[in-house]
J.: 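Input: one structure, supplied below.
Worth knowing before you read on, the calculation uses all heavy atoms, side chains too, and leaves out hydrogens, waters and symmetry mates.
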Amino acid sequence: QVQMVESGGALVQAGESLRLSCTASGLTLGDYNMAWFRQAPAKEREGVSFISPTTTITRVADSVKGRFTISRDDAKNTLYLQMTSLKPEDTAMYYCAAGGGISLGYWQKPEQYYYWGQGTRVTVSS
């Protein structure tokens with residue numbers, strides 16, 4: 001049974017940092033294209049960052065470029081999202097997702113991913 005569990009979400013003030021984690025069971029994250037998505041109330045799910053199975057290719061959304069970094073620890077079978085200089089507009093539920101063959105031009109499309117976690121909430125106050 002595949003399960004991915006996100007953690008690390010919290011209420012923080014603008015300018016602070018958080019690190020989100022996504023720990024998996026039933027699948028090896030290194031075999032998949034992995035991504036972080038977020039969804040704010042009344043908004044569509046947005047792709048935030050992507051990492052390839054070999055970790056040699058990463059992508060970040062323009063809205064978080066220079067502030068968010070994705071990484072993966074294969075020994076722990078865990079995906080991370082390091083978030084710095086947080087802004088109120090980063091407030092959302094954050095999800096990790098695992099997918100198979102994905103064209104890089106479509107990494108932000110949720111339909112490209114097979115498995116999803118249940119999400120962790122990030123709230124940034126001004």
J.: For D90, which residues count as a side chain to side chain donor-acceptor pair (under 3.5 Å) partner, sequence neighbours excluded?
T.: R38, R67
J.: State yes or no: do L81 and V12 share one hydrophobic cluster built from I, L, V, M, F, W and Y residues joined by side-chain heavy-atom distances below 4.5 Å, directly or via other members?
T.: yes
J.: Considering only distance and modelled atom types, tabulate donor-acceptor pairs under 3.5 Å from the side chains of residues 103-113, sequence neighbours left out.
T.:
unit_1: Q108; atom_1: NE2; unit_2: G47; atom_2: O; d: 2.9
unit_1: Y113; atom_1: OH; unit_2: W107; atom_2: O; d: 2.6

J.: My understanding is that only residues two or more places apart in sequence, or in another chain, count here; which of them pass salt bridge (charged side-chain N to carboxylate O under 4.0 Å, His left out) with D62?
T.: K65
J.: When hydrophobic residues are tied together by side-chain contacts of less than 4.5 Å, even through go-betweens, does V2 share a cluster with Y32?
T.: yes
J.: Could you tell me the separation between the OG1 atom of T91 and the NZ atom of K43, rounded to the nearest 0.5 Å?
T.: 10.0 Å
J.: Is the distance from the ring center of F68 to that of W36 below 6.0 Å?
T.: no
J.: Mark yes or no for whether Q13, through its side chain, and S125, through its backbone, hold a donor-acceptor pair below 3.5 Å.
T.: no
J.: Hey, quick one: are Y95 and M4 part of the same hydrophobic cluster, counting side-chain heavy atoms closer than 4.5 Å, chains of contacts allowed?
T.: no
J.: Checking R121 now: which residues fulfil side chain to side chain donor-acceptor pair (under 3.5 Å) with it, not counting sequence neighbours?
T.: none
J.: Could you name each residue pair satisfying disulfide (SG to SG under 2.5 Å) that touches residues 24-58, not counting sequence neighbours?
T.: none
J.: Could you state the interatomic distance from OG (S49) to CE (M34), rounded to the nearest 0.5 Å?
T.: 11.0 Å
J.: Output all residues satisfying salt bridge (charged side-chain N to carboxylate O under 4.0 Å, His left out) with E16, sequence neighbours left out; order by chain, then residue number.
T.: none
J.: List for me each residue that meets side chain to side chain contact (heavy atoms under 4.5 Å, CB included) alongside T58, sequence neighbours excluded, and say none if there are none.
T.: I51, I70
J.: Under the side chain to side chain donor-acceptor pair (under 3.5 Å) test, which residues partner Q39, sequence neighbours left out?
T.: R45
J.: Can you name the residues that form a side chain to side chain donor-acceptor pair (under 3.5 Å) with T54, not counting sequence neighbours?
T.: S52, T56
J.: Taking distance alone, no hydrogens or angles, what donor-acceptor pairs closer than 3.5 Å link side-chain atoms of residues 17-30 to residues at least two apart or in another chain?
T.:
unit_1: T23; atom_1: OG1; unit_2: T78; atom_2: OG1; d: 3.3

J.: Start with the C-alpha gap between E46 and S63, add the side-chain angles, then the distance that decides, and say whether side-chain hydrogen bond (donor to acceptor under 3.5 Å, both in side chains) holds.
T.: CA-CA 10 Å; E46 173 193 18; S63 57; 3.2 Å; yes
J.: Taking the hydrophobic residues Ile, Leu, Val, Met, Phe, Trp and Tyr, and joining any pair whose side-chain heavy atoms are under 4.5 Å apart, which ones share a cluster with Y80?
T.: none
J.: R72: what forms a salt bridge (charged side-chain N to carboxylate O under 4.0 Å, His left out) with it, not counting sequence neighbours?
T.: D74
J.: Between F50 and W116, is there shared hydrophobic-cluster membership here, with clusters defined by ILVMFWY side-chain heavy atoms closer than 4.5 Å?
T.: yes
J.: Would you say V122 and M93 are hydrophobically clustered, going by side-chain heavy atoms of ILVMFWY under 4.5 Å?
T.: no
